[in-house]
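Read through the structure below, which is laid out as C-alpha cells, and then see the notes.
Chain A is the first sequence line, chain B the second, and so forth, proteins listed ahead of strands; every chain is numbered from 1.
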There are 2 protein chains.
Amino acid sequence: MVTKQFSGSAEDADLARADSLAREIFSDVANKWALLIIEALGDRTLRFSALRGEVDGISHKMLTQNLRMLERNGLVERTVHPTVPPRVEYTLTGPGRALRATVDAMCAWTHRHLGHIETSRRRFDA
Amino acid sequence: MVTKQFSGSAEDADLARADSLAREIFSDVANKWALLIIEALGDRTLRFSALRGEVDGISHKMLTQNLRMLERNGLVERTVHPTVPPRVEYTLTGPGRALRATVDAMCAWTHRHLGHIETSRRRFDA
DNA sequence: CAGTATCCGAGACGATACTG
DNA sequence: CAGTATCGTCTCGGATACTG
C-alpha cells in the first residue's frame with residue numbers, strides 16, 4: 001500500500017473532487033420538482049403530456065428543464081419515437097428507481113407526521 | 001359505516017385539505033438547504049455558529065431562515081440559554097430524526113451512484 | 001405533441017449594518 | 001453570539017409564441 005506523505009496528496013484531491021461532485025448531485029436532486037417527477041413516474045413509462053398531468057401544478061418549462069437534468073444525470077431514460085406527431089416517453093433507470101425508494105420514504109414520512117406538523121405550526125404561528 | 005352520498009362530501013374536502021398540506025410540507029422540506037441542515041445536525045445538539053460551520057457554504061441568512069421553517073414544522077427544537085452572550089442550541093425532534101433517516105438514504109444513494117452519474121453526464125454533455 | 005426561445009415579475013440569496 | 005432588517009443581484013419560474 002502506498003504511504004500517505006502529507007495532506008494535499010493526490011488521494012485527498014480525489015476525495016475533495018468526489019465530495020464536490022456529490023454535493024452538486026445532491027443539489028440537483030434535492031429540489032421539489034425533481035423529486036415530484038421521480039415519484040410521479042414510479043415504475044411506469046409516461047409520455048411528456050401524461051407526466052405533466054401527473055405532477056400537479058408543474059409548468060411546461062419546469063418539466064422539460066428537470067427532465068433534461070434527470071436525463072443528464074442518468075436517472076431517467078428518454079425514448080423518442082420518430083412518428084408524427086412525435087411521441088416521447090420517459091421512464092426511470094436503475095439508479096432512478098433506487099432513488100425513488102427513498103423518495104417514497106419521504107412521502108410516507110410526510111403523511112405519517114401530518115398531524116404533528118399541523119399542530120406544531122399552529123403553536124408556532126401564535 | 002356511513003354511506004358516501006356523492007363526491008364533494010365532507011370527507012373529500014378533508015382529503016383534499018390533507019393533500020394540499022402534504023404538498024406544502026413536502027415543498028418546505030424538499031429543498032437543498034433544509035435537507036443539508038437536517039443531515040448536518042444528525043443526533044447532535046449544535047449551536048448556531050457550529051451548525052453554520054457544518055453546513056458548507058450556507059449563509060447566515062439562509063441558515064436562520066431554514067431553521068425557523070424547520071422549527072415551525074416541529075422538526076428541530078430551539079433552546080435559548082438566557083446568558084450573555086446568548087447561547088442557542090438546535091437539535092432534531094422525533095419527527096426530525098425520522099426524516100433524517102430518509103435523508104441519510106439519499107446521501108448514501110448519491111455516493112453509491114457517483115460513478116454512474118459522472119459517466120452519464122459526460123455522455124450527455126457530448 | 002414535444003421542444004425551444006423570449007420576456008418579465010417574484011422570490012432566493014449574499015453582503016452589510018445594526019440590536020440585545 | 002444570535003438575530004433582524006435592508007438592499008442589490010440574480011436565478012427561478014410562469015406565460016406566451018414559435019418550430020418540426
So which one's nearest nucleotide on DNA chain D is more toward 5', H60(A) or N31(A)?
-> N31(A)
Whenever both distances are under 3.5 Å in a Watson-Crick or G-U wobble pair, mark it; put DNA chain C into dot-bracket that way, with [ ] for crossing pairs and | when the partner is on another strand.
-> ||||||||||||||||||||
Nearest-0.5 Å distance that lies between atom CD1 in I25(A) and atom CE in M106(B) | 11.0 Å
Whole angstrom is fine here: how far is it from NZ in K32(A) over to C1' in dG11(C)?
-> 12 Å
Would a distance-only check, ignoring hydrogens and angles, find a side-chain to backbone donor-acceptor pair under 3.5 Å from S120(A) to R72(B)?
-> yes
Given atom NZ of K61(A) and atom P of dA5(C), what is their separation to the nearest angstrom?
-> 11 Å
Taking T110(B) for the side chain and A22(A) for the main chain, is one N or O donor matched with an acceptor at less than 3.5 Å?
-> no
Mutual orientation of the aromatic rings belonging to H116(A) and H113(A) [parallel < 30°, tilted 30-60°, perpendicular > 60°] | perpendicular
On DNA chain D, reading 5' to 3', which nucleotide is the first and which the last to sit with an atom under 4.0 Å from a heavy atom of chain A, could you check?
-> dG13(D) to dG20(D)
Roughly how far, to the nearest 0.5 Å, is the CG atom of L114(B) from the CH2 atom of W109(B)?
-> 9.0 Å
Quick one: label R87(B) by what it contacts on the DNA or RNA (base, sugar-phosphate, nothing), any heavy atom closer than 4.0 Å.
-> nothing
Count the heavy atoms belonging to other residues, nucleotides or ligands that lie under 6.0 Å from CD of E77(B), then report whether that count exceeds 12.
-> no
Between CG of N66(B) and C1' of dG11(C) the distance, given in whole Å, is 14 Å
Take R52(B) and L67(A), find for each the nucleotide of DNA chain C with the closest heavy atom, and name the residue whose nucleotide sits nearer the 5' end.
-> L67(A)
Distance-only check: which donor-acceptor pairs under 3.5 Å involve side-chain atoms of residues 46-57 of chain B, not counting sequence neighbours?
from   : atom 1 : to     : atom 2 : distance (Å)
R52(B) : NE     : I58(B) : O      : 3.3
E54(B) : OE1    : R44(B) : NH2    : 3.4

Distance from R97(B) atom CZ to D43(B) atom CG, nearest 0.5 Å?
-> 8.0 Å
Looking for any heavy atom pair under 4.0 Å, which part of the strands does R68(A) touch: base, sugar-phosphate only, or nothing?
-> sugar-phosphate
